[in-house]
Amino acid sequence: MRLATWNVNSLKARQDRVDEWLGYCDVDVVCLQETKMANEQFPHDRFMDLGYHSVHVGEGRWNGVAILSREPLDDVHHSFADGLDPDQEARLITATTAGVCVTSVYVPNGRAVDDDHYKYKLAWLDRLHDHIDAVAAPSNDVLVAGDFNVAPADIDVWDTTKTSGGTHVTKPERDALARLYDWGLTDVFREHHQEPGLFSWWDYRGGAFHKREGMRIDLLLTSTSLTEASTFSLVDRTARKGKLPSDHAPVFLDVTR
DNA sequence: ATGGTCGTCCAACGA
């Protein structure tokens with residue numbers, strides 16, 4: 001089984017690239033982020049024609065997350081299942097497919113460490129932990145994948161002097177990831193690659209992609225059973241090249257049983 | 001030379 005996550009930075013602007021990508025990557029389950037689309041606009045029929053069931057939660061102009069799967073998607077949660085008020089923004093969707101509890105996440109950016117949005121980001125990550133705990137158990141097959149807007153370690157940024165003092169690399173953000181690890185999830189890409197210089201996002205400006213100046217902020221977190229069955233993980237740099245790319249590349253994970 | 005690009009949609013703002 002091949003799993004993937006991709007922040008497409010507007011599905012409207014990216015539909016042709018997404019269709020092309022689905023045509024070559026032979027993926028079974030995809031978590032999408034930043035569809036920037038209202039629910040009634042989401043192209044369920046188009047994805048069905050390409051062989052994928054889909055679930056989506058969107059709000060229109062910003063955010064929006066989806067899951068595509070070759071198998072049906074059941075037990076859908078369109079926001080946090082922690083029993084508190086629903087999130088104002090469309091940043092999380094959970095469904096069960098092919099025996100895996102899959103959650104697609106678009107973690108708030110945070111903007112700046114002195115911004116209220118950074119507080120929202122930390123609170124959101126805490127709620128994500130409680131959500132996962134509510135919908136799954138560590139002994140299940142669990143995938144939490146998406147744009148976390150957190151670089152898990154210094155190896156995940158191109159130059160720590162350039163990112164120091166900003167969001168994405170602070171201790172509270174990384175501590176929030178550690179809480180998910182403590183629950184039983186693993187940043188599975190790093191189980192397969194230990195070398196530096198492997199990123200999933202590059203700023204559109206200044207030729208950052210070609211200078212290899214990026215961050216690895218798109219993560220697949222897997223429970224132990226999936227981690228142990230995983231055989232291969234890859235950043236699909238091809239999808240970041242060419243005409244009208246997203247600023248994020250997809251990340252793949254293969255699980256073989 | 002102190003910006004540099006996109007996407008949302010036409011003015012800025014978010015990333």
Side-chain angles (χ1 to χ4, degrees), chain A residues 5-21 30-43 46 56-66 87-93 104-125 128 145-152 156-170 172-174 176-177 198-219 235-251:
Chain A
T5 183
W6 192 10
N7 180 326
V8 295
N9 185 20
S10 171
L11 186 55
K12 277 177 244 178
R14 216 68 59 208
Q15 185 72 58
D16 289 348
R17 293 294 304 252
V18 172
D19 291 359
E20 174 194 27
W21 179 77
V30 187
C31 295
L32 297 176
Q33 300 85 38
E34 285 207 84
T35 63
K36 297 187 177 178
M37 199 173 257
N39 281 322
E40 56 271 23
Q41 298 174 300
F42 191 82
R46 186 162 184 162
H56 174 250
V57 58
E59 53 189 72
R61 191 172 179 187
W62 307 113
N63 310 310
V65 289
D87 191 12
Q88 300 298 317
E89 303 185 350
R91 296 181 174 276
L92 173 149
I93 190 165
S104 179
V105 299
Y106 176 47
V107 177
N109 174 282
R111 296 177 190 160
V113 292
D114 61 355
D115 195 303
D116 281 347
H117 201 255
Y118 176 75
K119 296 189 187 79
Y120 169 58
K121 178 181 195 174
L122 294 179
W124 199 97
L125 284 164
L128 175 60
D147 178 359
F148 281 76
N149 272 313
V150 181
D156 298 309
V157 302
W158 81 98
D159 183 345
T160 55
T161 67
K162 297 292 202 303
T163 55
S164 177
T167 59
H168 295 60
V169 297
T170 68
E173 290 165 282
R174 289 174 172 172
L177 284 186
L198 299 175
F199 308 127
S200 64
W201 169 87
W202 302 260
D203 200 304
Y204 281 124
R205 293 168 289 189
F209 178 70
H210 296 288
K211 293 193 278 191
R212 300 187 176 255
E213 295 179 351
M215 293 198 275
R216 192 177 67 91
I217 57 177
D218 298 273
L219 310 177
V235 175
D236 180 13
R237 291 176 52 89
T238 302
R240 181 63 177 78
K241 302 176 183 176
K243 289 166 90 171
L244 296 174
S246 169
D247 48 352
H248 296 251
V251 186

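Proteins come first, then strands; the chains are lettered A, B, ... in the order of their sequence lines, and each starts at number 1.
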* To do: Mind listing the closest non-hydrogen atom pair of A/E89 and A/E59 along with its distance?
  => CA-OE1, 3.2 Å

Pick the [atom1] atom in [N] and in [M], then give their distance to the nearest Å.
| N | M | atom1 | value |
| --- | --- | --- | --- |
| B/dA15 | B/dC9 | P | 15 Å |
| B/dC10 | B/dA1 | P | 37 Å |
| B/dG4 | B/dC13 | P | 15 Å |
| B/dG3 | B/dT8 | C1' | 22 Å |

* Quick one: list whatever passes salt bridge (Lys or Arg N to Asp or Glu O under 4.0 Å) with A/R174, sequence neighbours left out. => A/D154

* To do: Using salt bridge (Lys or Arg N to Asp or Glu O under 4.0 Å) as the criterion, list what pairs up with A/D16, not counting sequence neighbours.
  => A/R46

* Residue list, side-chain hydrogen bond (donor to acceptor under 3.5 Å, both in side chains) with A/Q15, at least two apart or on another chain -> A/D19

* Excluding sequence neighbours, so at least two apart, what forms ring pair (Phe, Tyr, Trp, His ring centres under 6.0 Å) with A/F209? -> A/W202

* Asked: Quick one: is A/S10 getting a side-chain N or O under 4.0 Å of the B/dT8 phosphate, OP1 or OP2?
  -> yes

Protein-nucleotide distance ([X], atom [atom1]; [N], atom [atom2]), rounded to Å:
| X | N | atom1 | atom2 | result |
| --- | --- | --- | --- | --- |
| A/Q33 | B/dT8 | CD | P | 16 Å |
| A/H210 | B/dT5 | NE2 | C1' | 13 Å |
| A/Q41 | B/dC9 | CD | C1' | 13 Å |

Give me, pair by pair, the N or O atoms of the protein and of nucleotides 12-15 of chain B that are less than 3.5 Å apart, along with how far apart they are.
| residue | atom | partner | partner atom | Å |
| --- | --- | --- | --- | --- |
| B/dA15 | OP2 | A/R111 | NE | 2.7 |

* Mind jotting down which residue pairs meet the side-chain hydrogen bond (donor to acceptor under 3.5 Å, both in side chains) criterion with at least one end in residues 238-247 of chain A? Sequence neighbours excluded, please. => A/W201-A/D247

